[in-house]
2 protein chains.
Amino acid sequence: MADIKLNVIKPSVNNMSARVFLRASGLGFTENDVYGQTRTPEYLAACPAHLTPMIETSELPNGVLWESCAIMQYLSNKHGLENLYPRDPMIDSAMFYLIGTFYPYLARATYPALNFPQYPGEVGHSDADAPTKEKARQAAVEALAEPLDVFRSFYIKDRPFIGGDRPSIADIRLAATLEFLAVIDYPLPSWAKDYVAAMEKSLGDAYTEPANDVRGYIGYVRSLG
Amino acid sequence: MADIKLNVIKPSVNNMSARVFLRASGLGFTENDVYGQTRTPEYLAACPAHLTPMIETSELPNGVLWESCAIMQYLSNKHGLENLYPRDPMIDSAMFYLIGTFYPYLARATYPALNFPQYPGEVGHSDADAPTKEKARQAAVEALAEPLDVFRSFYIKDRPFIGGDRPSIADIRLAATLEFLAVIDYPLPSWAKDYVAAMEKSLGDAYTEPANDVRGYIGYVRSLG
């Protein structure tokens, strides 16, 4: 059993990615819920970026590693998991396009409904009034369609998944991300609904169990509204 | 000579990364300036994300690839450039941390001065008044210090570069990014000044030539102000 400790916050789709990956990988690991603990002196000493998911293993140069995509790349490379991370440049490109373009819009579109904080420089973080914030949120919602369709038209194309016939780490990152859109009743195009369903069918409990934590949180915040 | 065509916009540090990398790689390539042409039907047909840098080569599954970090990963893997992309998980983590956390703040802090557009959901993109936009820009400036220091305290630590003794693709991405901070006279800590100088010294003209396009653009916009 590998000595991998995965530190997570369960309602997060960034974390869901690493949680799905580790379950699908067959690697041994333990999971540690650090909700509310990422700014303790102990956590900051290990991870000055105070981020999750974050893994700890004695095999790493600094003992720890964060960034969901980098964690999946590292563990795939280290343990030869070529089925989850085949040598296909589309996988890396898709992950950077997701982190740099798609996710920022998705975060601005969904974080207010999720009661997650937004970031300096975003309208949702400013002291603008509620209608101004809602207008900015709506602008982010509208901006989602174009990069979402790029996943269909360029990265997935005529294959079932970004990785080809089987889900890759880029697919895990994308499918998990799409889970958040349920909180705003975003009208997912049918290809994207089918894609997430195919991911869940292909990965089984490895997908469903962490997804249920995200879905449960979404159900909880919706019950408050 | 490899049949790599690199499409670029020269004032951009995202593009500078790929331009520095290709010069440092020793691979043959041609460079194509696509300023003002990324939303033509031809460009969109190849790259629906209308992004630069974007490479074209017949060796790619879809013929093209974008995302500066993914381009550097792909070409390093393809051509065995282990000196620029050694198997070190810190390199991938640093690039995702840069794209997901550091760059968004840097963009909000510098794009107004660079006359670059901002994005839906950001104050700089909204119809807020000038003082409100400046306040948000300043919030992004203030947010830069913490992730910048993470590069020092975690990724670089007691080595010269993120990649160790020699610059890696993560170093190219970080050093290029820091070039933009000159447009707002950001007080770079001395380690970061030394780091960029060491990058330029180590890579020579491969760094300086593309950097001069960024620096020239910054000088131009400052001359207007």
Side-chain angles (χ1 to χ4, degrees), chain A residues 14 47-49 51 60-62 64-71 73-75 77-78 87-97 99-101 103-105 107-109 118-128 132 135-143 146-147 149-150 153-155 157, chain B residues 14 47-49 51 60-62 64-71 73-75 77-78 87-97 99-101 103-105 107-109 118-128 132 135-143 146-147 149-150 153-155 157:
Chain A
N14 302 330
C47 172
L51 290 175
L60 280 162
N62 282 11
V64 309
L65 196 73
W66 65 83
E67 293 298 332
S68 60
C69 298
I71 288 169
Q73 289 173 319
Y74 164 67
L75 292 174
N77 287 335
K78 179 85 184 171
R87 283 241 166 170
D88 180 340
M90 308 281 273
I91 292 171
D92 295 319
S93 175
M95 291 194 296
F96 279 110
Y97 186 61
I99 299 301
T101 296
Y103 195 80
Y105 293 140
R108 291 168 208 157
Q118 291 185 262
Y119 300 100
E122 296 175 357
V123 180
H125 184 273
S126 74
D127 50 13
T132 303
K135 192 174 169 187
R137 193 192 69 77
Q138 197 56 48
V141 172
E142 284 161 21
E146 187 191 276
D149 195 57
V150 170
S153 69
F154 184 84
Y155 291 114
K157 238 174 171 166
Chain B
N14 303 328
C47 172
L51 289 175
L60 280 161
N62 282 11
V64 309
L65 196 74
W66 65 83
E67 293 296 334
S68 59
C69 298
I71 290 169
Q73 289 173 319
Y74 164 67
L75 292 173
N77 286 335
K78 180 86 183 169
R87 283 242 167 169
D88 179 341
M90 307 282 273
I91 291 172
D92 296 318
S93 174
M95 291 193 297
F96 279 109
Y97 185 61
I99 299 301
T101 296
Y103 195 79
Y105 293 139
R108 292 168 208 158
Q118 291 185 263
Y119 301 100
E122 296 176 355
V123 180
H125 184 273
S126 73
D127 50 13
T132 303
K135 192 174 168 186
R137 194 192 69 78
Q138 197 56 48
V141 173
E142 283 162 20
E146 187 190 277
D149 196 58
V150 170
S153 69
F154 184 83
Y155 291 114
K157 236 173 172 167

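Naming: A, B, ... by sequence-line order, numbering from 1 per chain.
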In the structure I gave you, are the side-chain heavy atoms of [X] and [Y] within less than 4.5 Å of one another anywhere?
X: A:Y119; Y: B:T101; value: no
X: B:M90; Y: A:N62; value: yes
X: A:D88; Y: B:P61; value: yes
X: A:L60; Y: B:P89; value: yes

Checklist entry - Can you tell which of B:A70, B:A143, B:G121 has the highest number of heavy-atom pairs within less than 4.5 Å of chain A? => result B:G121

Next on the checklist: On a heavy-atom basis, which atom in A:V123 and which in B:S126 lie closest, and how many Å separate them?
Outcome noted: CG2-CB, 4.2 Å

Checklist outcome for this item: In short, A:P120 meets B:A139 closest at the heavy-atom pair CB-O, 3.7 Å

Checklist entry - Among all residues two or more places apart in sequence or in another chain, which pass the ring-ring contact (aromatic ring centres under 6.0 Å, His included) test with A:Y155? => result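 ring-ring contact (aromatic ring centres under 6.0 Å, His included) list for A:Y155, sorted by chain: A:F151, B:W66.
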
[X], part contacting chain A, at a heavy-atom distance under 4.5 Å:
X: B:S93; answer: both
X: B:K157; answer: side chain
X: B:A49; answer: both
X: B:I91; answer: neither
X: B:V141; answer: neither
X: B:Y103; answer: neither

Item to check | Contacting moiety of A:K135, where chain B heavy atoms sit under 4.5 Å | outcome: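 Just its side chain gets close to chain B.
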
Item to check | Engaged part of A:D127 at the chain B interface, taking heavy atoms whose separation is under 4.5 Å | outcome: side chain

Checklist outcome for this item: Of the listed A:A140, A:C69, A:A128, A:A109, the one with the largest count of heavy-atom pairs under 4.5 Å with chain B is A:C69

Checklist entry - If you tally heavy-atom pairs under 4.5 Å against chain B, which of A:P48, A:A136, A:P147 wins? => result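 Between A:P48, A:A136, A:P147, the count favours A:P48.
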
Checklist entry - With sequence neighbours excluded, what pairs up with A:R108 under the side chain to side chain donor-acceptor pair (under 3.5 Å) test? => result A:E122, B:E122

Next on the checklist: Return the CG to CZ distance between B:L65 and A:F96, rounded to the nearest 0.5 Å.
Outcome noted: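 Going from the CG atom of B:L65 to the CZ atom of A:F96 covers 11.0 Å.
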
